[in-house]
Amino acid sequence: MRSTVGTPIVIAIDGPSGSGKSSTSRGVASALGYDYLDTGAMYRAMTWALLQRGVDVEDADAVAVAADDVSIRVGTDPQAPTIQADGTDVAGPIRQDEVTTAVSPVSAVPHVRELLVRAQREVIATSSGAGRGIVVEGRDIGTVVAPDAPLKVYLVADTAARAARRAAELGGVDASLTEASLTRRDTIDSTRTASPLVQADDAVVVDSTHLTLDEVIEHIVGLARERS
């Protein structure tokens with residue numbers, strides 16, 4: 001159900017992999033009638049395009065050079081978000097293991113982050129300029145992409161819960177292997193030089209470990225009402 005709030009705002013939702021950012025962000029955007037931006041999908045789309053070109057994703061210099069030629073377009077409808085790389089619909093391919101394994105080293109390249117942060121800010125400006133609010137999810141939204149967002153949420157869950165959710169999403173794969181993968185991703189994302197995963201000082205921490213998706217969405221919608 002769509003909630004009525006005052007002035008549309010930018011809502012930044014950050015957090016580690018598997019914390020429920022995508023489902024939560026889409027749910028909040030739908031409830032508020034806001035646009036939605038999945039910045040993680042943009043990094044995955046960039047990774048997919050580089051892999052298609054045969055670029056060694058562990059070679060930061062090669063990634064930086066090749067990234068300039070990649071065209072990424074992202075839709076902002078929370079009910080049907082879209083993502084394209086070089087004119088190809090990659091919503092499915094970017095969730096494959098090959099991309100999941102390669103996205104962290106690509107995301108750690110400063111020039112890639114520079115390119116995509118610029119693109120993300122353009123999407124936010126377009127929504128705001130049209131008088132629409134937007135929910136933006138990622139790992140550096142509240143600290144880098146939209147540091148002036150009126151509402152910043154840092155969504156967390158314990159590692160076991162995140163692994164169980166991600167394993168279920170992937171069709172019941174081994175949760176222990178998924179947990180190891182998430183731990184590796186957390187380490188890479190939180191220690192990279194460019195825009196590391198970190199909680200903004202003024203972010204509201206929401207722990208989803210023991211909450212249902214609807215409860216998390218309702219809580220964040222309530223926070224949005226207070227700030228709009």
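We're numbering straight along the sequence, starting at 1.
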If you define the side chain from C-beta out and look only at heavy atoms, does anything of [X] sit under 4.5 Å from [Y]?
X: Arg113; Y: Tyr43; value: yes
X: Val28; Y: Tyr34; value: no
X: Thr47; Y: Ile94; value: no
X: Val156; Y: Ser19; value: no
X: Val135; Y: Leu37; value: no
X: Gln84; Y: Val90; value: no
X: Met46; Y: Val103; value: no
X: Met42; Y: Ile83; value: yes

For this session: Nearest 0.5 Å please: distance from the OH atom of Tyr36 over to the CD1 atom of Ile11.
Result: 13.0 Å
Problem set entry | Reported CG-to-CG distance for the pair Asp207 and Leu155, which is rounded to 0.5 angstrom | 8.5 Å
Same hydrophobic cluster for [X] and [Y], using side-chain heavy-atom links shorter than 4.5 Å among ILVMFWY?
X: Leu223; Y: Val216; answer: yes
X: Val221; Y: Ile13; answer: yes
X: Leu213; Y: Val206; answer: yes

Exercise. Run the side chain to side chain contact (heavy atoms under 4.5 Å, CB included) check on Asp38 and Arg26 step by step: do they pass?
Worked result: CA-CA 9 Å; Asp38 179 356; Arg26 291 176 63 181; over 6 Å; no
Under 3.5 Å, sequence neighbours excluded: what are the donor-acceptor pairs made by side chains of residues 54-62?
| residue | atom | partner | partner atom | Å |
| --- | --- | --- | --- | --- |
| Asp56 | OD1 | Glu58 | N | 3.0 |
| Asp59 | OD1 | Asp61 | N | 3.2 |
| Asp59 | OD1 | Ala62 | N | 3.1 |

Exercise. Does the pair Glu122 and Arg118 meet the rule for a salt bridge (charged side-chain N to carboxylate O under 4.0 Å, His left out), with working shown?
Worked result: CA-CA 6 Å; Glu122 289 174 357; Arg118 183 187 309 141; 5.7 Å; no
Do any N or O atoms from the side chain of [X] and from the backbone of [Y] form a donor-acceptor pair under 3.5 angstrom?
X: Asp89; Y: Ala91; value: yes
X: Arg121; Y: Val145; value: yes
X: Ser208; Y: Leu211; value: no
X: Arg227; Y: Leu151; value: no

Exercise. What residue among Val10, Ile134, Val123 forms side-chain contact (heavy atoms from CB on, under 4.5 Å) with Asp35?
Worked result: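 Option passing the side-chain contact (heavy atoms from CB on, under 4.5 Å) with Asp35: Ile134.
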Listing, residues 69-81 side-chain donor-acceptor contacts under 3.5 Å, not counting sequence neighbours, or none:
| residue | atom | partner | partner atom | Å |
| --- | --- | --- | --- | --- |
| Asp77 | OD1 | Gln79 | N | 2.9 |
| Gln79 | NE2 | Ser30 | OG | 2.7 |

For [X] and [Y], work out which heavy atoms get closest and say how close.
X: Ala64; Y: His111; answer: O-CD2, 3.2 Å
X: Pro16; Y: Arg139; answer: C-NH2, 4.4 Å
X: Ala224; Y: Ile9; answer: O-CD1, 4.3 Å
X: Ser23; Y: Ile217; answer: O-CD1, 4.2 Å
X: Pro8; Y: Gly131; answer: CG-O, 3.4 Å
X: Ile141; Y: Gly138; answer: CG1-N, 3.6 Å

When you look at [atom1] of [X], are more than 12 heavy atoms from neighbouring residues, nucleotides or ligands closer to it than 6.0 Å?
X: Gln199; atom1: CD; result: yes
X: Glu114; atom1: CD; result: yes
X: Asp68; atom1: CG; result: yes

For this session: Apply side chain to side chain contact (heavy atoms under 4.5 Å, CB included) to the pair Leu116 and Thr39, showing each step before the final yes or no.
Result: CA-CA 8 Å; Leu116 295 186; Thr39 64; over 6 Å; no
Problem set entry | Derivation and outcome, salt bridge (charged side-chain N to carboxylate O under 4.0 Å, His left out), residues Asp14 and Lys21 | CA-CA 7 Å; Asp14 292 306; Lys21 294 191 303 296; over 6 Å; no
For this session: For Gln120 and Val136, run side chain to side chain contact (heavy atoms under 4.5 Å, CB included): C-alpha distance rounded to whole Å, both residues' side-chain angles, the deciding distance at 0.1 Å, then the answer.
Result: CA-CA 9 Å; Gln120 291 154 15; Val136 188; 5.8 Å; no
For this session: Would you please test Val204 and Lys152 for side chain to side chain contact (heavy atoms under 4.5 Å, CB included) and show each step?
Result: CA-CA 6 Å; Val204 178; Lys152 302 173 187 175; over 6 Å; no
Exercise. Do Asp86 and Thr88 have a side chain donor and acceptor closer than 3.5 Å?
Worked result: no
Exercise. Regarding Ser22 and Glu137, is there a side-chain donor-to-acceptor distance under 3.5 Å anywhere?
Worked result: yes
Exercise. Hey, mind stepping through Thr126 and Arg132 against side chain to side chain donor-acceptor pair (under 3.5 Å) and telling me if it holds?
Worked result: CA-CA 9 Å; Thr126 297; Arg132 300 189 302 271; over 6 Å; no
Problem set entry | Under the salt bridge (Lys or Arg N to Asp or Glu O under 4.0 Å) test, residues paired with Asp214 that sit two or more places apart |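 Residues passing salt bridge (Lys or Arg N to Asp or Glu O under 4.0 Å) with Asp214: none at all.
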